[in-house]
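Order of the sequence lines fixes the chain letters, A, B, ..., with proteins taken first and strands second; residue numbering starts at 1 for each chain.
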Number of protein chains: 2
Amino acid sequence: MDHSESKHFRAAVTVDNVVFGFDGKQLKVLLIYRGAEPFKDRWALPGDFVPLDENLNQSAIHVLRSLTGLENIYMEQVHAFGDVNRHPFGRVYTIAYYALIKVEDYQVQASSWAEEAAWFPINEVPELPFDHVEIMEFAKQQLRNKIRTQPIGFELLPKHFTLTQIQELYEAVLERKFDTRNFRKKLLSMNLISETGYRQTDVSHRPAMLYKYDTKRYNRFLERGFSFDI
Amino acid sequence: MDHSESKHFRAAVTVDNVVFGFDGKQLKVLLIYRGAEPFKDRWALPGDFVPLDENLNQSAIHVLRSLTGLENIYMEQVHAFGDVNRHPFGRVYTIAYYALIKVEDYQVQASSWAEEAAWFPINEVPELPFDHVEIMEFAKQQLRNKIRTQPIGFELLPKHFTLTQIQELYEAVLERKFDTRNFRKKLLSMNLISETGYRQTDVSHRPAMLYKYDTKRYNRFLERGFSFDI
DNA sequence: AAGCATATTGTAAAAACTACAACAATTCGC
DNA sequence: GCGAATTGTTGTAGTTTTTACAATATGCTT
């Protein structure tokens, strides 16, 4: 093991965030319009270098805030990417994170060297630079795995939501249809959500009951470990 | 985004491998006795720096071969660790991988700067340097998750194995007991293993039927995606 | 008031899971 | 050679979960 700095301490590390949002119909991903080289003037995942004096996980949070204004977000590491030629400026590793946000709660706002920030439907993203396509695929797959075994779907929904909305979220993420009766039966049997007592307004049809996510019960389940396989 | 090399290109990246093996009774992990600083003369996960001109995933394979002689191993990335002070020599990220091997198939042999290589029962590992304890915990958890949903257990078993052995493997990894009848029923219903026609020899009791893993069927299942939840 | 749009709910059959114990095959000691 | 010891092998009934399937309810619009 040769620790001479000249030999090894010449790499850079970035974080790239795959931010998922759900607008009630479609699963979307947040991209920024790059105002800096390389790949200036291209849409890309919000990502940036990790400062030498900042912990990796902290940096993921900071990068996301700095480029998009988003704070206090559910985030999780996805994967490390380290092909030799993945970055034109040298040996740059990237650690990918995914984030889930309630679209309604946040006003996304480009800042720093991001010129714009915008939501794209997951199946209509423009060409992406670097290995960002591969990164997105990894993140999507991880979201799929996770949403089947943990109730993270709530991170993507508004505080009050209808059963139809949550079913459409699951259908969007997992790319398949569920039988409404069976889906509701299973979902309600977990006792993770409860009625708010309110109903939808301003809809031109029978208004749906609004539900909320029961944090207490969720935490109790988390402690014991449990499965949310739908 | 500031790309000046002076600012960002000063990090190093290592890979650390958590190599799991199963000896028929216990789940074990492979450690090396470090013959180089830092933490010389301590048992640690086999890991080393990633050369600047080598892809990350390739490097994980090379590092494992270079330190232990192991080749052609099932490996998968676990997680990236990047706390500022995790390495005494500077900003060193590490990407953890786990590997599964059939203990009988390989003769582990320390080389390069590893002075020894030895198997430790998973619950009797010595004190580990760096953040290697955390890394091992992550790897164990990932092994647990994976073995429940994919038939990777076979990577740990000899080519011919008994149903008791595979049950003991699952019990060791998941740290719980299974009912023998129900376990076998479920396992056999997947049609992933078949009888070899041979039986155990040299045992002082009724010899068990030896089974083998059916690669064709496994590949067919993998294509469709499937669950191996036991 | 009729029509439209979406919300809501039950049931029966099939499949999967769980709990549980007796008999089988081999070696060993006598 | 035989009984004891050890581990291997197998079935069933009760319970729970999953699946497939369609009629009615509620509010709005015209």
J.: Starting at atom CD1 of B:Ile193, determine the distance to atom C1' of D:dT9, rounded to an integer number of angstrom.
T.: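 Going from CD1 in B:Ile193 over to C1' in D:dT9 covers 14 Å.
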
J.: Between A:Lys186 and D:dT17, is there a side-chain N or O to OP1/OP2 distance below 4.0 Å?
T.: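 Result: no.
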
J.: Between P on D:dT9 and CG on B:Leu187, what's the gap in Å once rounded to a whole number?
T.: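 Answer to the nearest Å: 12 Å.
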
J.: Do A:Thr196 side-chain atoms and A:Leu210 backbone N/O form a donor-acceptor pair below 3.5 Å?
T.: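 A pair under 3.5 Å: yes.
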
J.: Could you tell me how far apart B:Asn182 (CG) and D:dT16 (P) are, to the nearest whole angstrom?
T.: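 Whole-Å distance recorded here is 16 Å.
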
J.: Considering heavy-atom distances to DNA chain D, does B:Ser204 or A:His205 have its closest nucleotide positioned more toward the 5' end?
T.: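 So the residue in question is B:Ser204.
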
J.: How many whole angstroms separate atom CG of A:Leu163 from atom C1' of C:dT8?
T.: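 Answer to the nearest Å: 9 Å.
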
J.: Rounded to the Å, how far apart are A:Asp202 CG and D:dC28 P?
T.: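 Rounded to the whole Å, the gap is 9 Å.
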
J.: B:Tyr211 OH to D:dG8 C1': how many Å, rounded?
T.: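 These atoms are roughly 10 Å apart.
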
J.: Can you tell me how far P of C:dC28 sits from CZ of B:Arg206, to the nearest Å?
T.: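 To the nearest whole Å, that distance equals 17 Å.
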
J.: Counting distance alone, no hydrogens or angles: does the base of D:dT9 have a donor or acceptor under 3.5 Å from a partner atom on the side chain of B:Lys185?
T.: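 When only heavy-atom distances are counted, B:Lys185 does not reach the base of D:dT9 through any donor-acceptor pair under 3.5 Å.
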
J.: May I ask you to verify if any side-chain N or O of B:Arg181 is less than 4.0 angstrom from the OP1 or OP2 atom of C:dA21?
T.: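 Negative; the distance criterion is not met.
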
J.: Quick test of your reading: applying ring pair (Phe, Tyr, Trp, His ring centres under 6.0 Å), list the pairs with at least one residue in residues 58-78 of chain A, sequence neighbours left out, ordered by first then second residue.
T.: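 The answer is none; no pair qualifies.
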
J.: Strictly below 4.0 Å, N to O, side chains only: are B:Arg34 and B:Asp41 in salt-bridge contact?
T.: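 Answer for the salt bridge query: no.
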
J.: Applying a 4.0 Å non-hydrogen cut-off, can you work out what A:Thr164 is touching in the nucleic acid: base, sugar-phosphate, or nothing?
T.: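 The residue A:Thr164 makes sugar-phosphate contact but no base contact.
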
J.: Taking atom P of C:dT26 as reference, at what distance in whole Å does atom CZ of B:Arg199 sit?
T.: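 Checked: the CZ to P distance equals 6 Å.
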
J.: Is B:Arg184 close enough to D:dT9 that one of its side-chain N or O atoms is under 4.0 Å from OP1 or OP2 there?
T.: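 Yes, such a contact exists.
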
J.: Under the criterion ring-ring contact (aromatic ring centres under 6.0 Å, His included), I'd like the reasoning laid out for A:Tyr218 against A:Tyr213: C-alpha separation, chi angles, the key distance, then a yes or no.
T.: CA-CA 8 Å; A:Tyr218 169 58; A:Tyr213 165 43; 5.5 Å; yes

J.: Between residues 168-180 of chain B and DNA chain C, which residues have a heavy-atom gap below 4.0 Å?
T.: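 Nucleic-acid contacts, sorted: B:Asp179.
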
J.: So which heavy atom on B:Asn72 is nearest to which on B:Tyr106, and how close?
T.: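 Taking every non-hydrogen atom into account, O-OH, 3.3 Å.
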
J.: Within the 4.5 Å heavy-atom criterion, are B:Leu45 and B:Asn17 side-chain neighbours or not?
T.: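 Of all side-chain heavy-atom pairs linking B:Asn17 with B:Leu45, none is under 4.5 Å.
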
J.: Can the ring centres of A:Phe130 and A:Phe39 be said to be less than 6.0 Å apart?
T.: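 Between A:Phe130 and A:Phe39, the centre distance is under 6.0 Å.
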
